[in-house]
Number of protein chains: 4
Amino acid sequence: MPKIVNKQEMREKLLYAALECYYAKGYRNTTMSDIAKTAGVAKGTTYLYFDSKDQLTESLLEMFLCRFEQQTSVIPTCQSLEEFIEVLGNILQVDETQKKYTRIFFDIYGPSFSEAGFTRRLENLYKKFAQLLHRHLKQLQLKEEISPELDTQVLSEVISSFLDGIVLHQCLFDGRTANEKTIKETTLQLLVGGLLKPKSTVLTN
Amino acid sequence: MPKIVNKQEMREKLLYAALECYYAKGYRNTTMSDIAKTAGVAKGTTYLYFDSKDQLTESLLEMFLCRFEQQTSVIPTCQSLEEFIEVLGNILQVDETQKKYTRIFFDIYGPSFSEAGFTRRLENLYKKFAQLLHRHLKQLQLKEEISPELDTQVLSEVISSFLDGIVLHQCLFDGRTANEKTIKETTLQLLVGGLLKPKSTVLTN
Amino acid sequence: MPKIVNKQEMREKLLYAALECYYAKGYRNTTMSDIAKTAGVAKGTTYLYFDSKDQLTESLLEMFLCRFEQQTSVIPTCQSLEEFIEVLGNILQVDETQKKYTRIFFDIYGPSFSEAGFTRRLENLYKKFAQLLHRHLKQLQLKEEISPELDTQVLSEVISSFLDGIVLHQCLFDGRTANEKTIKETTLQLLVGGLLKPKSTVLTN
Amino acid sequence: MPKIVNKQEMREKLLYAALECYYAKGYRNTTMSDIAKTAGVAKGTTYLYFDSKDQLTESLLEMFLCRFEQQTSVIPTCQSLEEFIEVLGNILQVDETQKKYTRIFFDIYGPSFSEAGFTRRLENLYKKFAQLLHRHLKQLQLKEEISPELDTQVLSEVISSFLDGIVLHQCLFDGRTANEKTIKETTLQLLVGGLLKPKSTVLTN
DNA sequence: GATGAATGAGAATTCATTCAT
DNA sequence: TATGAATGAATTCTCATTCAT
């Protein structure tokens, strides 16, 4: 009988090794040898679990995105605007790990941004997130916690992009004037203000 | 007698050639030969104007960022919230060219996101933009067009990130439910609402 | 208690599996894994019966050559030229299987043609066949069915090569102008003519 | 101005280097590095002249076949059977070089024998040679030097294969009982006999 | 200045063989 | 015996950079 190995475990081990390497040396400077060595196996072994470097990297993306989806899918339905804002606040709270990974993300998947498949995959992710927000917003509108005039559908997409912008800058830029807590609070204020207020008369367009 | 050439002109020609190639085949699949051929010179000639592919690519970035800076620096001081919102609206208006370049951007500079120097450079760009917004917001606050309770400093950073998020998604994602005009309007509504309203009582954090 | 297997049987099974694979994918594209899978055993098992891929392939050759030798060795002694010609005619009759194997043969053993051992092995095969022909020719000469001036020893070698040439082209080339039956008949005519006729006066060399 | 090189000359240099290596170490054991080194250039240079090892090897084949075609195409029209036999005799005369190359041939192109394109290419070669023989045979038939009953068309193909068989064995097998001269003479005798004699009555098939 | 032929380090991938179970 | 996971040497091919002309 041959060695008994947990295939899934080995795959994960290799994926984490890849991540480690990508973070340490960058995607382009990481060889399959590096990944194997980091995982403590031989170069050839890598190819028992992944067809190619590309496929391995794609699997890594899948792992990431699944993780993200799971994170957002566990958000409970909010009973009040206050609760909703708290949920958004949690999303704005980025930790060091997320920062690290955000940077690698562009390193690794930069070239994929030119591919329709990749951006579609990413788009779907944000779409799902927007749908989640949408459900919450409709709830709040029913409960008259937010302005009835808002188009919650579109709004959910806008907020999704909004949060992404904030989080992205949070992850990428270290030396900001304002600290993260202040940024977060101001962001939420801006949001609450926008959600509560009836349609402004300023807009003519 | 050496040929008289405009060094700067040649550099630009090569930079545009590089851009063209990167867009057409991706950064990794573009060789120095490709760039040279597109520019109508020989491979070796490229090295008379740039030390390396890396340096050429860095110069391309510089060209990009300068262009962006110039674009935002010409924004006139706004006399009213309405005018300010219009300015922001213009920023949200992305054309096909910008979409194209956004995608190449990640392809080309993905690996650079792991480098401090690169993100700092980018950060400065957004900082300058935030400063610009800040000037406007202070003006509007003086004129009592927006809530006096707002911390315009922080707010400017938040709005800068906000807009970046919207623009980014606009550039990357094609198949969104809402069309661009609606997105833009809703974004501006949200902003105006947030700017006008006095500090919400919802936030406890 | 070890499984009782017929070692020889297993070897043959593997040899046929190898043959199958070589024919289907070519020698170079056939992996030991392929052979094992085709034989319905695990890769490692192969090495219990053959030291290496090379040795396995050599054994395959051995199997081939033995088969060929057996085929020719059963040829009965001919009582007349007519009978002899019939025997030769049978040799010229190639079936689809032989065609297939001829092509694989060069694929597999091409590199071996540079090795003295291999060509010697092959040479012996043809030598034996020539000896067989020689016996027949001598018989026919005694019976005065063919010209007494012929050097049956040399002639047997020549005919052996002759037949090989015809068979080879028959196996390798599909789109010949003349059909196989005509080729066969013409070949035999040429032979008979050459065998019957007294030494020609044309030759001066 | 860059180095000026004779492209064709370089290609030939590389082809001969490849040949040298193939002969010395076998096709499979020859690396592109070996070929480059033998030609006195760097590995990469090889790829300036040939797309891949396969393409280089194919070019080598082309060179070979062209050479063979040229050799046979210069054969003058024969005025007599005697002359014709002399021509065939020359073809049967193989030198050491031809022997060497015959062996490498199977080493290198063995795998190609399974490919239709390759065998067709080879077949055409022999077809052309047969056509040449055909022209000669018709001439001789007109001059009544050979039997009028012969189907020169088919015969030419048979003789072409016949000669190939003799030459092949001549090239591959060293330790034959009969020496080459005797083989050659006997071959020609057999041929002459077959060509002169009227249709034998032995054949019933 | 300009050219493009030459360079060679470096990467991904394959697969015969080994060996722990 | 039988297995198939693990190994790693070896090979092809790429391309940024150099340099002779």
Side-chain angles (χ1 to χ4, degrees), chain A residues 1-7 10 28-37 39-56, chain B residues 1-5 7 10 28-37 40-56, chain C residues 1-5 7 10 28-37 40-56, chain D residues 1-7 10 28-37 39-56:
Chain A
M1 283 257 207
K3 230 174 273 183
I4 290 159
V5 289
N6 186 330
K7 278 239 167 197
M10 188 60 148
R28 281 195 272 180
N29 298 320
T30 296
T31 69
M32 287 300 264
S33 233
D34 290 329
I35 296 173
K37 214 172 287 168
V41 298
K43 200 181 353 163
T45 308
T46 315
Y47 287 90
L48 295 177
Y49 296 92
F50 299 98
D51 290 342
S52 64
K53 192 185 180 187
D54 271 6
Q55 202 228 303
L56 185 154
Chain B
M1 209 189 301
K3 227 180 266 184
I4 293 162
V5 290
K7 197 128 189 166
M10 187 59 143
R28 279 198 273 186
N29 298 320
T30 297
T31 67
M32 286 301 264
S33 226
D34 291 329
I35 296 173
K37 211 172 290 166
V41 297
K43 201 189 336 178
T45 308
T46 314
Y47 286 86
L48 296 175
Y49 297 92
F50 297 98
D51 292 343
S52 65
K53 193 185 182 188
D54 272 5
Q55 202 228 305
L56 185 154
Chain C
M1 212 190 296
K3 226 180 269 185
I4 294 163
V5 289
K7 195 129 187 163
M10 188 59 142
R28 279 199 274 185
N29 299 320
T30 295
T31 68
M32 287 299 265
S33 226
D34 290 328
I35 297 173
K37 212 172 289 167
V41 298
K43 201 187 338 176
T45 309
T46 314
Y47 286 87
L48 296 175
Y49 296 93
F50 296 98
D51 291 343
S52 66
K53 193 186 181 185
D54 272 5
Q55 200 227 306
L56 185 155
Chain D
M1 284 261 207
K3 232 174 272 183
I4 290 159
V5 289
N6 186 329
K7 278 238 167 197
M10 188 60 149
R28 281 197 271 180
N29 298 320
T30 296
T31 69
M32 287 299 263
S33 238
D34 290 330
I35 296 173
K37 214 171 288 169
V41 298
K43 198 186 353 165
T45 308
T46 315
Y47 288 90
L48 294 176
Y49 296 91
F50 299 98
D51 291 343
S52 63
K53 192 186 180 185
D54 269 7
Q55 202 228 303
L56 186 154

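FYI, side chains are in, hydrogens and waters are out, and symmetry mates aren't considered; it's all heavy atoms of this structure. Below, chains carry the letters A, B, ... as their sequence lines are ordered, and counting in each starts from 1.
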Checklist outcome for this item: Among dC15(F), dA6(F), dG8(E), the one nearest any side-chain atom of A42(D) is dG8(E)
Item to check | Value in whole Å for how far the P atom of dA6(E) lies from NZ of K37(D) | outcome: 18 Å
Item to check | Options dT17(F), dT7(F), dA6(E), nucleotide nearest the side-chain atoms of M32(B) | outcome: dT17(F)
Next on the checklist: Please report the interatomic distance OG1(T31(C)) to NZ(K37(C)), rounded to the nearest 0.5 Å.
Outcome noted: 7.0 Å
Item to check | side chain to side chain contact (heavy atoms under 4.5 Å, CB included) between I35(D) and M32(D), intermediate numbers included | outcome: CA-CA 5 Å; I35(D) 296 173; M32(D) 287 299 263; 4.1 Å; yes
Item to check | Closest contact, heavy atoms only, M10(C) versus T45(C) | outcome: CE-CG2, 3.9 Å
Next on the checklist: With a 4.0 Å limit, can you tell me whether T45(A) has a side-chain N or O closer than that to the phosphate oxygens OP1/OP2 of dA5(F)?
Outcome noted: no
Item to check | Protein-nucleotide distance (L48(D), atom CG; dC15(F), atom C1'), rounded to Å | outcome: 11 Å
Item to check | Protein-nucleotide distance (Y49(C), atom OH; dT17(E), atom P), rounded to Å | outcome: 18 Å
Next on the checklist: Rounded to whole Å, how long is the line connecting atom CZ of R28(D) with atom C1' of dT12(F)?
Outcome noted: 16 Å
Checklist entry - Can you give the dot-bracket line for DNA chain E, where a pair is Watson-Crick or G-U wobble with both atom distances under 3.5 Å, crossing pairs use [ ], and | marks a partner on another strand? => result .||||||||||||||||||||
Checklist outcome for this item: Between CD of Q55(D) and P of dT12(F) the distance, given in whole Å, is 15 Å
Item to check | Flag side-chain contact, heavy atom, 4.5 Å: R28(A) against R28(B) | outcome: yes
Item to check | Toward the 5' end of DNA chain E, by each residue's nearest nucleotide, S33(C) or N29(A) | outcome: N29(A)
Item to check | Sub-4.5 Å side-chain heavy-atom contact between D51(C) and Y47(C) | outcome: no
Checklist entry - Rounded to the Å, how far apart are Y47(C) OH and dA16(E) P? => result 6 Å
Checklist entry - Is F50(C) touching bases, backbone alone, or none of the nucleic acid, heavy atoms closer than 4.0 Å? => result nothing
Item to check | Any side-chain heavy-atom pair of T46(D) and K53(D) under 4.5 Å | outcome: no
Item to check | Nearest to side-chain heavy atoms of S52(D), which nucleotide of dC13(F), dA11(E), dA2(E) | outcome: dC13(F)
Next on the checklist: I need the CG-C1' distance between L56(C) and dT17(E), as an integer number of Å.
Outcome noted: 14 Å
Item to check | Polar side-chain contact K43(D)-dG10(E) base: donor and acceptor under 3.5 Å | outcome: yes
Item to check | Of D51(D) and K53(B), the one whose closest DNA chain F nucleotide lies more 5' | outcome: D51(D)
Next on the checklist: Side chain of T31(A), heavy atoms from C-beta onward: which of dA12(E), dA16(F), dT7(F) has the nearest atom to it?
Outcome noted: dA12(E)
Checklist entry - What is the nucleic acid contact for T30(D), judged by heavy atoms within less than 4.0 Å: base, sugar-phosphate only, or nothing? => result sugar-phosphate
